[in-house]
Amino acid sequence: MRALRSLFLLPLLFMVACASAPMKPPADFVVLKDRGEGFRAVTADDARLRVRDLAEPTEGGIAFWADTLRADLVQRGYELMASGEVKNVAGTAGQWHEFAANVQGERIGYLVAVWVIEPTLPWRDDILRVVEFAARDDVFKARVDAVRAALTTVED
């Protein structure tokens, strides 16, 4: 009986481990569990945090993808405010860029961070883990330091 119980518990434990959040959001964020795309969290004052994973078959590397994101957003009219490097919880080096833009007459802050994560299985593609944070300028400025600190909790 004990062996049978263990047989049923192992898949359940595996599912719980796989369902863990890809990062620990700052304190005022509430994680949405509405089956939207990726990991999403929000605050009462409409700050939005999102984590997405994308297959990366080109093996472009972190410098390529960080520069590509920066160039694309600048070309679309975002103003680059700051950039930096950050290591996630596993020590993988990533890069972040902070932008500002005017959207429909309102100033918006936007932070994007990216890591290239090597697969655990040799036949799988690398993964681009992308964290995005956006909010109205005043809300963004009040929360951006906490979000940048939370980038160190991003999982591989």
Side-chain angles (χ1 to χ4, degrees), residues 13 15-120 124-156:
L13 290 173
M15 286 174 36
V16 168
C18 291
S20 66
M23 78 179 286
K24 183 180 178 192
D28 290 344
F29 283 80
V30 173
V31 176
L32 299 177
K33 298 184 186 216
D34 60 0
R35 302 191 198 290
E37 182 182 332
F39 172 87
R40 299 178 308 138
V42 298
T43 63
D45 52 5
D46 204 29
R48 298 169 186 225
L49 183 64
R50 182 176 188 179
V51 181
R52 292 188 288 167
D53 289 344
L54 308 166
E56 202 289 278
T58 63
E59 298 181 12
I62 188 62
F64 173 82
W65 286 109
D67 289 347
T68 299
L69 280 169
R70 180 192 41 77
D72 180 57
L73 289 164
V74 167
Q75 182 179 0
R76 290 195 278 159
Y78 289 77
E79 180 184 352
L80 180 64
M81 305 303 286
S83 294
E85 294 184 8
V86 63
K87 290 188 178 183
N88 68 8
V89 74
T92 303
Q95 292 187 14
W96 59 267
H97 299 300
E98 186 179 316
F99 299 91
N102 293 318
V103 179
Q104 298 176 348
E106 189 169 32
R107 191 75 167 166
I108 302 294
Y110 179 67
L111 180 136
V112 61
V114 63
W115 290 262
V116 176
I117 299 171
E118 294 181 10
T120 54
R124 303 284 308 256
D125 291 334
D126 287 351
I127 295 169
L128 283 181
R129 176 146 295 163
V130 181
V131 176
E132 299 169 279
F133 166 59
R136 290 184 329 270
D137 190 54
D138 59 327
V139 174
F140 184 85
K141 287 177 179 173
R143 297 186 180 282
V144 70
D145 290 338
V147 171
R148 250 191 260 121
L151 294 177
T152 62
T153 71
V154 171
E155 299 281 341
D156 255 7

Item to check | For Asp45, side chain to side chain contact (heavy atoms under 4.5 Å, CB included) partners two or more places apart | outcome: Thr43, Ala47, Val139, Arg143
Checklist entry - Can you list the residues that meet the side chain to side chain contact (heavy atoms under 4.5 Å, CB included) rule with Asp67, with sequence neighbours excluded? => result Arg70
List the residues meeting side chain to side chain donor-acceptor pair (under 3.5 Å) with [X], not counting sequence neighbours, and say none if there are none.
X      : value
Arg48  : Asp46
Glu132 : Arg52, Tyr110
Glu118 : none

Check whether any side-chain heavy atom of [X] sits under 4.5 Å from a side-chain heavy atom of [Y], and report yes or no.
X      : Y      : answer
Phe39  : Val131 : no
Asp53  : Pro22  : no
Leu128 : Val116 : yes

Next on the checklist: Which residues pass the ring-ring contact (aromatic ring centres under 6.0 Å, His included) test with Phe29, not counting sequence neighbours?
Outcome noted: none
Would you give the length of the straight line joining atom [atom1] of [X] to atom [atom2] of [Y], rounded to the nearest 0.5 angstrom?
X      : Y      : atom1 : atom2 : value
Leu73  : Thr68  : CG    : OG1   : 11.0 Å
Asp28  : Leu49  : CG    : CG    : 12.5 Å
Glu106 : Asp138 : CD    : CG    : 8.0 Å

Checklist outcome for this item: Residue set satisfying salt bridge (Lys or Arg N to Asp or Glu O under 4.0 Å) with Lys24, at least two apart, ordered chain then number -> none
Checklist outcome for this item: Residue pairs meeting side chain to side chain donor-acceptor pair (under 3.5 Å), one or both in residues 71-80, sequence neighbours left out, come to Asp72-Arg76, Glu79-Arg107
Item to check | Pairs meeting criterion ring-ring contact (aromatic ring centres under 6.0 Å, His included) with involvement of residues 45-65, two or more places apart | outcome: none
Next on the checklist: Quick test of your reading: applying ring-ring contact (aromatic ring centres under 6.0 Å, His included), list the pairs with at least one residue in residues 137-156, sequence neighbours left out, ordered by first then second residue.
Outcome noted: Phe133-Phe140
Could you list the donor-acceptor pairs under 3.5 angstrom formed between side-chain atoms of residues 86-100 and any protein atom two or more places apart in sequence or on another chain?
from, atom 1, to, atom 2, distance (Å)
Asn88, OD1, Ala90, N, 3.0
Asn88, OD1, Gly91, N, 3.1
Asn88, OD1, Thr92, N, 2.9
Asn88, ND2, Asp156, OD1, 2.7
Thr92, OG1, Asp156, OD1, 3.1
Thr92, OG1, Asp156, OD2, 2.9
His97, ND1, Ser83, OG, 2.7
His97, NE2, Ala66, O, 3.0
Glu98, OE1, Arg148, NH2, 2.7

Checklist outcome for this item: Here the pair of heavy atoms bringing Pro26 nearest to Ala146 is CG-O, 3.6 Å
